[in-house]
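Here is the structure we will look at, set down as C-alpha cells.
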Amino acid sequence: LQSMSLRQLSLARNEIYARRGYIFKSPALRAHFEARPWYRPRTRSLPSLAGVERANCAMIAKIERIKGGPVKW
C-alpha cells in the first residue's frame, strides 16, 4: 500500500464500498466504477462492512493521511 499513489489508494478504499453497491456522489468515482462490469449500484447510504473490509478501509485511510490525502474527487 505504501508504494501506491493517493489516487490509487482512494480507488482501492472506495472499491470496497463499490462492491457493496454504494452509489457515489462524486461524478468521477461514479464514472470510474460504472465502467466496471461487476459494479451494481444499489444504495446511497454507506453500506455496513464486514470486519476485514472495515480494517482494510481503516488501513488504507491511515496511509492516505500519512501521504497528505485523501484525494478530493
Contact list for residues 30-65, test ring-ring contact (aromatic ring centres under 6.0 Å, His included), sequence neighbours left out: Phe24-Phe33
Distance from Leu9 atom CG to Ser3 atom OG, nearest 0.5 Å? 8.5 Å
What pairs meet the side-chain hydrogen bond (donor to acceptor under 3.5 Å, both in side chains) rule with one or both residues in residues 19-28, with sequence neighbours excluded? Glu15-Arg19, Arg20-Glu53
When clusters are formed by joining ILVMFWY residues with side-chain heavy atoms under 4.5 Å apart, either directly or through shared neighbours, do Leu46 and Leu29 land in the same one? yes
Out of curiosity, Leu6 CG to Ile63 CD1, how far, rounded to the nearest 0.5 Å? 10.5 Å
Within this structure, what is the CG-CD1 distance for the pair Leu1 and Ile66, rounded to the nearest 0.5 Å? 10.5 Å
Looking only at heavy atoms, which two atoms of Ser10 and Val71 are closest? And how far apart? CB-CB, 4.2 Å
Greater than 12 external heavy atoms within 6.0 Å of Arg42's CZ: yes
Just to verify, what does Ser45 make a side-chain hydrogen bond (donor to acceptor under 3.5 Å, both in side chains) with, not counting sequence neighbours? Thr43
Any side-chain heavy-atom pair from Cys57 and Leu49 closer than 4.5 angstrom? yes
Strictly by side-chain hydrogen bond (donor to acceptor under 3.5 Å, both in side chains), give each pair with a member in residues 55-72 just once, sequence neighbours left out. Arg13-Glu64
So ring-ring contact (aromatic ring centres under 6.0 Å, His included) across residues 40-73, not counting sequence neighbours, yields none
Could I get the full list of side-chain contact (heavy atoms from CB on, under 4.5 Å) partners for Ala12, not counting sequence neighbours? Met4, Ile60
